Amino acid sequence: MQLPAAPDLTDLAHTHAGPMHWLATATATAAVVALAGLLQPGPAGTTTATAAAPRPAAAPEAAGVAYPVECGGGPRTVAKRASGDLDGDGNPETVAVVHCEAGSGTPPSGVYVLTRGKGADAPARVVATLVAPDQHRSVTELAVRDGAVLATLLGYSSFDVPRCCPDEKEQVSWRWQGGAFVRAGQDEARGA
């Protein structure tokens, strides 16, 4: 059995590339590249439904909250505040340092954690007391970082120490664990 002879490929139309052939090839390639650019997925971590993603609520305002601070009828002051997500729910809480206004001396401070009240128009409310005023501490530094409350507390080693001049200093932190704020700290006595 004899196989038929192969055709002469030099006579086929598509084996002779001319200007029209190259123009058509370039146009088709450009169209494929442009279409691939339009159909690419977005950057990693983004979704097409960003408008539907819930935004965290704003941090609670510290002003106008009913703090458990007795000032004998005098005014109280929110001296410091810091905000951040302390319990991992995606919404920020506010930590407020509050003390009675005093003409002189160092009034004791209270440190309170605030959260939003229930409902859109509900005011913020105190949900935890980290330092009560009856502990006779003043707060000089306050921050919220990585889910922890950080503070510097000044206090007195005895009742003989004048109330103007605290002689104890503590660097403390609180972290939400097991449904409560757990305190960690380091005391540092200052020499007189």
Side-chain angles (χ1 to χ4, degrees), residues 42-71 74-102 105-157 163-190:
T46 62
T47 62
T48 56
T50 54
R55 295 179 61 186
E61 289 294 326
V65 174
Y67 294 101
V69 177
E70 277 300 319
C71 294
R76 66 182 70 120
T77 299
V78 176
K80 298 179 185 320
R81 67 188 61 99
S83 298
D85 185 6
L86 300 176
D87 58 5
D89 68 353
N91 291 308
E93 287 75 32
T94 296
V95 181
V97 175
V98 180
H99 62 76
C100 297
E101 288 185 19
T106 308
S109 299
V111 180
Y112 304 99
V113 177
L114 311 175
T115 190
R116 289 209 158 286
K118 303 291 184 201
D121 296 331
R125 60 190 171 90
V126 174
V127 293
T129 300
L130 303 180
V131 176
D134 64 2
Q135 292 175 298
H136 303 287
R137 297 287 182 244
S138 299
V139 181
T140 60
E141 309 268 335
L142 178 70
V144 172
R145 274 190 227 115
D146 300 324
V149 178
L150 309 170
T152 301
L153 305 178
L154 301 180
Y156 307 93
S157 59
R163 298 294 105 175
C164 67
C165 311
D167 65 341
E168 292 182 334
K169 180 179 179 180
E170 296 178 88
Q171 303 293 329
V172 296
S173 66
W174 293 268
R175 189 171 292 279
W176 183 255
Q177 294 175 348
F181 284 99
V182 177
R183 179 182 169 178
Q186 176 180 351
D187 294 344
E188 176 185 312
R190 292 194 295 186

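All heavy atoms count here, side chains included; hydrogens, waters and symmetry mates do not. If you're wondering where the values come from, they're calculated on a predicted model, not measured in any experiment.
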*Side chain of R116, backbone of A58: donor and acceptor closer than 3.5 Å?*
yes
Residues pairing under side chain to side chain donor-acceptor pair (under 3.5 Å) where one sits in residues 127-147, two or more places apart or in two chains, turn out to be R137-E170
Min side-chain heavy-atom separation V172-V149 under 4.5 Å: no
Is the closest side-chain heavy-atom distance between V69 and Y112 below 4.5 Å? yes
Sorted by chain and number, sequence neighbours left out, side chain to side chain contact (heavy atoms under 4.5 Å, CB included) with D89 holds for D85, D87, N91, E93
Worksheet item: Can you find a heavy atom in the side chain of V139 that is under 4.5 Å from one in the side chain of V111?
Response: yes
Here the gap from H99 atom NE2 to R76 atom CZ, rounded to the nearest 0.5 Å, amounts to 12.5 Å
By side-chain hydrogen bond (donor to acceptor under 3.5 Å, both in side chains), T94 pairs with (sequence neighbours left out) S83
Between V144 and A82 the two heavy atoms that sit nearest each other are CG2-CB, 3.8 Å
Problem - V126 backbone acceptor or donor facing Y67 side chain under 3.5 Å - result: no
Rounding to 0.5 Å, atoms SG (C165) and CG (L154) come to a distance of 11.0 Å
Those residues at least two apart in sequence (or on a different chain) that pass ring pair (Phe, Tyr, Trp, His ring centres under 6.0 Å) with F181 are W176
Heavy-atom nearest pair, P92 first then P60, reads O-CD, 3.4 Å
Task: Any V97 side-chain heavy atom under 4.5 Å of V78 side chain - done: no
Original post:
Would L150 and L142 satisfy side-chain contact (heavy atoms from CB on, under 4.5 Å), going step by step from the backbone distance to the final call?
Top reply: CA-CA 6 Å; L150 309 170; L142 178 70; over 6 Å; no
Sorted by chain and residue number, the side-chain hydrogen bond (donor to acceptor under 3.5 Å, both in side chains) partners of T152 (sequence neighbours excluded) come out as Q171
Give a yes or no on whether E70 atom CD has more than 12 heavy-atom contacts from other residues, nucleotides or ligands under 6.0 Å away. no
Correct closest heavy-atom pair for P133 and P108 would be O-CB, 3.3 Å
* Donor-acceptor pair between S157 and E168 side chains, under 3.5 angstrom -> no
Sequence neighbours excluded, the answer for side chain to side chain contact (heavy atoms under 4.5 Å, CB included) partners of V182 is Q177
